J.: 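First the structure, which I've put down as structure tokens, then a few questions once you've had a look.
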Amino acid sequence: MSTAPAVPLEREHALALMRQMLRIRVFEDRCYQLYGQMKIRGFLHLYNGEEAVAVGALTPLRDSDAIVATYREHGHAIVRGIPMTRVMAELYGKQSGCSRGRGGSMHLFDAERRFFGGNAIVAGGLPIAVGLALAAKLQARADVTVCFFGDGAVAEGEFHESLNLASLWTLPVLFICENNLYAMGTALQRAQAETDVTAKAGAYRIEARAVDGMDVLAVESAVRDAVAKMRRDGAPALLEMRTYRFRAHSMFDPQLYRDKAEIEAWQKKGPIVTLSTRLRASGLMSEDDYQRLERDALTEVDAAVQFAESAPWEAVSDLERYVYAERTA
Amino acid sequence: MPNVPPEPQARIAYRDAVREALREALEADPRVFLMGEDVGRYGGSYAVSKGLLEEFGPERIRDTPLSESAFVGAGIGAALGGMRPIVEIMTVNFSLLALDQIVNNAATLSHMSGGQLNVPLVIRLATGAGRQLAAQHSHSLEGWYAHIPGLRIAVPATLEDARFMLGAALACPDPVLLFEHLYLYNLEGTLLPGVRQVDLDHAAIRRPGRDVTLITYGWSLYKCLDAAETLARESIEAEVIDLRTLRPLDEATFIESVRRTRRAVVIDEGWRSGSLSAEIISRIIEQAFYDLDAPPARVCTAEVPVPYAKHLEDAALPSAERIVTVVRAVLAGGGSD
């Protein structure tokens, strides 16, 4: 499993990574509360514990790269630059939301930022990522497509079909498996005869590595290297991020399938605490720095909630808009 | 003005008309490419794309593995990425392996993204029975797809539509499914002179008549035209409407016709229960009930998986004879098939 590189870390960069992880953590904690207050409805899948993956993976990307994510994608959307106000408004189902209230938590979109969802069919986004990469190749662009999916997706046929096609056609897709050990409540070893995800990639001749997904520096370094190589050779790659979700699968999950002790053990090596310890030890971050970043995140989330609260609802008369394109192709 | 005789139109088969459409699209727009199972080296399982690989190369005529979900999804992704992909699915039955991509992604992305995305993807599928291919190669599921908001469903039945509907589909910013009836690939004739484009919005009256309206699409169009010939000998003038697009349905055309003829028979190679024919008759009842002289009737495929043996397959499918029988019954005051 690849870990953090030994290269020196700059203070500004370290604080930027910490800032992004805190933005996600504070946002998700607020979503949890808002769900209890019935401000957010539907299915809500929180990303607590997995922040290092989205932050480390999206930081090295270019604006022209494409992203395909899953239904647990608030963090990816925020790090990609969709304003938190518009993400929160979407969770409220408001017109100002990033999908005009038609998608909700599981379907955040931003065409301008090349953020192609928010897909709530497990593995359903993988073929789309292959197609986005095919378009980039046919247009002779050096852009890559980064496709996130969970360990549950590995059991779907679309995972295997997509890896094969990407490899067969040499398409620049970076497959990122967010392996948090459970497909909803089904542990990996209860669903997979081969639990090593990288071994499956090998069957399609795709280069693959497992990465400590709780270590943002390890994630960032692995993605930076993979993307740099991909821009040169155009070949797909797979990174298995070994991570863990601290909260339930969704808001309807009593977590009968795992022990509290297991959760606590993972929390001790959580991505925020891990980076925080390291940065304090190396003197790159003071307690004041941390407090400021956390305060900034709280302020930003407060503003997002306020924005969402006061945002208008979509008119019911517009219910049937956008089923078909309103502009020409 | 010199008296120039009109240039004689060369005879053309339906499959050649589709190939011409593909060639024209590939020549006109560098964003267009074709992918699917055996579209390249094999030349297409119904020989539609024969020769295109040699002409346009493997980047634009892409043979895919047998991975319907992946290559249909890749078509969606490529469309999102600025290309104009044409995906061929060998038969509509195989499209069920890509149903997730078609229904959960292609049909939803525009609406679910609040109009930010659109999916200008064309999927061509062979559909229908009549070649003794049994139950996993013979079904007519286009009416099923017509249930889905976000998709456009078009069915080229004539040579002109085979030749020009693809262009209309590619010009459309939405996902379009083009259903080519496998029995029609050998249909031969001459293209109507002067037709250079068609739309995806309107049904067409293929034969005018005053006594009854036959509403149909695809291969059944020809059965209806045959039936109309037989009926004409009995002084029954049937109007034959080719729906052309199943979603959106051009109800204005068939409602207007039914109001005139006061009788309607729907001929659909799909099954009867929960079907497109049921939808059409509902709309007729909702909008033209008081104009009717008889209850509307239907001729559909028998509710069985399409069987192999020729006599059984024939018995399962709509035929000109059955259409004639039902029309006579309707004119006598009522009676479905």
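Numbered from 1 within each chain, the chains take letters A, B, ... in sequence-line order. Nothing here was measured: the structure is a model prediction, and the numbers come from that model.
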J.: Side chain from CB out, backbone as N, CA, C, O: work out which of these in B:Leu97 comes under 4.5 Å of a heavy atom of chain A, or both, or neither.
T.: neither

J.: Extract all donor-acceptor atom pairs below 3.5 Å that involve side chains of residues 50-59 of chain B and protein atoms in other chains or at least two apart in sequence.
T.:
residue : atom : partner : partner atom : Å
B:Glu55 : OE1  : B:Arg23 : NE           : 2.9
B:Glu55 : OE1  : B:Arg23 : NH2          : 3.1
B:Glu55 : OE2  : B:Arg23 : NE           : 3.0

J.: Please answer whether the main-chain N or O of A:Phe109 pairs with a side-chain N or O of B:Gln116 as donor and acceptor at a distance below 3.5 Å.
T.: yes

J.: Any side-chain to backbone donor/acceptor pair from A:Tyr324 onto B:Pro175? Under 3.5 Å, distance only.
T.: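 Such a contact is absent between A:Tyr324 side chain and B:Pro175 backbone.
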
J.: What part of A:Arg321 lies closer than 4.5 angstrom to a heavy atom of chain B: side chain, backbone, both or neither?
T.: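 The answer is the backbone of A:Arg321.
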
J.: Go through B:Gly82, B:Gly114, B:Gly73, B:Ala79 and name the one with the most non-hydrogen pairs under 4.5 angstrom from chain A.
T.: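 Option with the top pair count is B:Gly114.
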
J.: Where is the tightest heavy-atom contact between A:Glu158 and B:Gln101, given as atom of each residue plus distance?
T.: OE2-NE2, 2.8 Å

J.: Could you look at A:Leu171 and say if it's the side chain, the backbone, both or neither that has a heavy atom under 4.5 Å from chain B?
T.: neither

J.: Do A:Ser162 side-chain atoms and B:Ala70 backbone N/O form a donor-acceptor pair below 3.5 Å?
T.: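 Here the side-chain-to-backbone pair does not exist.
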
J.: Looking only at heavy atoms, what is the nearest atom pair of A:His107 and B:Met112, with distance?
T.: ND1-CE, 3.4 Å

J.: At what distance, to the nearest 0.5 angstrom, does CZ of B:Arg31 lie from CG of A:Leu138?
T.: 13.0 Å

J.: Which atoms of A:Leu163 come close to chain B, meaning under 4.5 Å heavy atom to heavy atom: side chain ones, backbone ones, both, or neither?
T.: neither

J.: Going by heavy atoms in the side chains, are A:Asn164 and B:Pro65 under 4.5 Å from each other?
T.: yes

J.: I need the contact set between residues 277-284 of chain B and chain A: heavy-atom distance under 4.5 Å, sorted by residue number.
T.: none

J.: Between the main-chain N or O of A:Gly124 and the side-chain N or O of B:Asn105, is there a donor-acceptor pair closer than 3.5 Å?
T.: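 Indeed, once roles are kept as given, a pair shorter than 3.5 Å links the two residues.
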
J.: Go through the atoms of B:Thr108 and report whether side chain, backbone, both or neither lie under 4.5 Å from a heavy atom of chain A.
T.: neither

J.: Determine the minimum heavy-atom distance between B:Asp174 and A:Ala325, stating which atoms define it.
T.: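 Smallest heavy-atom distance, with atoms named: OD1-N, 2.8 Å.
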
J.: Quick one, B:Arg62 and A:Leu134 - any side-chain contact, counting heavy atoms below 4.5 Å?
T.: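 Counting from C-beta outward, B:Arg62 and A:Leu134 do come under 4.5 Å.
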
J.: Tell me, side chain or backbone of A:Asn119 under 4.5 Å from chain B's heavy atoms, or both, or neither?
T.: side chain

J.: Tell me, for B:Ile148 versus chain A, whether the close heavy atoms (under 4.5 Å) come from the side chain, the backbone, both or neither.
T.: backbone

J.: Taking the side chain from A:Gln139 and the backbone from B:Gly81, do they hold a donor-acceptor pair closer than 3.5 Å?
T.: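 Yes: the side chain of A:Gln139 pairs with the backbone of B:Gly81.
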
J.: Against chain B, work out which of A:Asp143, A:Val68, A:Leu165 has the most heavy-atom pairs shorter than 4.5 Å and name it.
T.: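 Maximum pair count with chain B is reached by A:Leu165.
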
J.: Between A:Glu156 and B:Asp100, is any pair of side-chain heavy atoms under 4.5 Å apart?
T.: no

J.: How many angstroms lie between CG in B:Asn104 and CD1 in A:Ile121, if you round to the nearest 0.5 Å?
T.: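 Here the interatomic distance stands at 4.0 Å.
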
